[in-house]
Number of protein chains: 2
Amino acid sequence: MAYQDKGLGVPILRRLPMYLSLLKEYRSQGQELVSSSQLAGDLNLESIQVRKDLAATGIVGKPKVGFPVDSLIESIENFLGWDNASDAFVVGAGNLGSALLGYKGFSKHGLNILAAFDNDISKVGKKISGKEVLPFSKLPDLVRRMKVHLAVLTVPPEVAQRTADTLVLAGIRAFWNFTSVQLIVPENIIVENVDLASSLAVLSRKLSLALERSE
Amino acid sequence: MAYQDKGLGVPILRRLPMYLSLLKEYRSQGQELVSSSQLAGDLNLESIQVRKDLAATGIVGKPKVGFPVDSLIESIENFLGWDNASDAFVVGAGNLGSALLGYKGFSKHGLNILAAFDNDISKVGKKISGKEVLPFSKLPDLVRRMKVHLAVLTVPPEVAQRTADTLVLAGIRAFWNFTSVQLIVPENIIVENVDLASSLAVLSRKLSLALERSE
DNA sequence: TAGATTGTTAATCGATTAACAATC
DNA sequence: TAGATTGTTAATCGATTAACAATC
């Protein structure tokens, strides 16, 4: 296991937001305690898996009683670093970039989008969902001055690698990569891919098997 | 293993599009044969993993020679059903729905978007990236008449479950779910979630570990 | 033939699930 | 105390990696 991944299983990380969203629903309904079996039932998981996952975040429950909803929420948010959102720039203000700029909920998911960058003159200077669109030329300097570590990459595939190279030089440490390009970056740089093609692969295969079966 | 998943490992499925895109690049450069170690090198994988993955699609290579690029492409596309794209409706023509309507490449990934649906009167009747936006009220009938099996769900979270219920009744068999809602659907209905929160969870955790380390 | 690369069989690793003891 | 639920230790399962025989 790479040092980078210490103590963390990716499958567990992927489930934590599911717990979090459910727990917030419980809280809004005034529920103060929850058992692993309730969480499991509502998420179609096994209760033992829920307990293992929660244990990974460091929280301890009380036998017979369960887990306090409030402190579970707190633990998970803290574990993910979502109690202290990271500043980010959206790079590429096309359709997808604009859609991401429009999401209100990211700050609750650890992401604080400051502004967007694009080279299209018809966009620069305008605002999208309240965030300014700045020219790409200002990006390296602003990354440095504002100590922004995270870039949401939504540029066209042709310029993805080149853009990433520039951002790495400017000091970006992590990419949320929405392009279809497998970025090549130095070892210490983090890339999380939102890979629609792989998602479609899973879906296509399941659908074609299901349709075959029902003919 | 559920019947639905027969013979298919999800991790393998997720890697197939990576091979495919690389293979097309080789082809465009006139390369006719490829070894598992070349693919592995270019994708940062182990060659044995590449061989296992390819074997899963049913293709056989030739010892000493490698795999013919052309027939590899064909096998993978056929295995995924991407040689015969499924018709789909985009449900919800907001920012994200519009972004998806704008992607030209989906037909090469097994997805043929026919039209979009929305209830917003200012959108209905217009076109987005050349696709018509129709009123939601026409959706159930069109799903039936056009035998559309797949819905790309990009509605607001508040109406996601209700919309899915309606679509299931109309005959939709699979959802590509871009909402943050865990849909509850009958057993035989397929849901593939594009879960940005879980992706952000992985990213946040890695970033906070990396930043901690470099302080 | 010799050598490179595939495909197969076995070993390892990590994630999930099961069994059960600890405890409020 | 009794019972429910947690947390721990062990078993299972699937995916990845390693070793090597088959073959063009």
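A, B, ... follow the sequence lines: proteins, then strands. Residue 1 opens every chain. Nothing here was measured: the structure is a model prediction, and the numbers come from that model.
Summarising the geometry of B/Ser199 relative to A/Trp176, their closest heavy-atom pair is OG-NE1, 2.9 Å, with the distance given to 0.1 Å.
With rounding to whole Å, B/Arg51 atom CZ is found 13 Å from C/dT9 atom C1'. If you measure from atom CG of A/Leu13 to atom C1' of C/dT16, you get 16 Å, rounded to the nearest angstrom. If you measure from atom NZ of B/Lys62 to atom C1' of C/dG3, you get 18 Å, rounded to the nearest angstrom. When the P atom of C/dT16 is taken as reference, atom CZ of A/Arg14 falls 12 Å away, rounded to whole Å. Computed from coordinates, the B/Leu72 CG to C/dT5 C1' distance equals 14 Å when rounded to whole Å. Atoms CG (B/Asp53) and P (D/dG14) sit 17 Å apart, rounded to a whole Å. Rounded to an integer number of Å, the gap from CD1 of B/Ile48 to P of C/dA10 is 14 Å. As a whole-Å value, the separation of B/Glu46 CD from C/dG7 C1' is 17 Å.
Across every strand in view, C/dT8 sits in a pair with D/dA19 that passes the Watson-Crick or G-U test at under 3.5 angstrom. Checking C/dG3 for Watson-Crick or G-U wobble geometry (two distances, each under 3.5 Å) identifies D/dC24 as its partner.
Atom CD of B/Gln31 sits in a crowded spot, with more than 12 heavy atoms from other residues, nucleotides or ligands closer than 6.0 Å. Within 6.0 Å of atom CD in B/Glu32, 12 or fewer heavy atoms from other residues, nucleotides or ligands are found, so the atom counts as exposed in its surroundings.
One N or O donor and one acceptor, one from the side chain of B/Lys52 and one from the base of C/dT9, sit under 3.5 Å apart.
Two residues, B/Val34 and A/Gln49, neighbour DNA chain C, and the one matched to the more 5' nucleotide by heavy-atom proximity is B/Val34. Along DNA chain D, the nucleotide closest to A/Lys64 and the one closest to A/Val60 are compared, and the more 5′ of them pairs with A/Lys64.
Phosphate contact (OP1/OP2 of D/dT6, side-chain N/O of A/Ser36, threshold under 4.0 Å): present.
In this pair, B/Phe117 and B/Phe89 present their aromatic rings perpendicular. The plane angle is above 60°, beyond the 30 to 60° band.
Considering only the side chain of A/Pro63, C/dC24 comes nearest among D/dA22, D/dT16, C/dC24.
Exactly one of B/Leu39, B/Leu72, B/Asp70, B/Ile73 qualifies for a side-chain contact (heavy atoms from CB on, under 4.5 Å) with B/Tyr26. That residue is B/Leu39.
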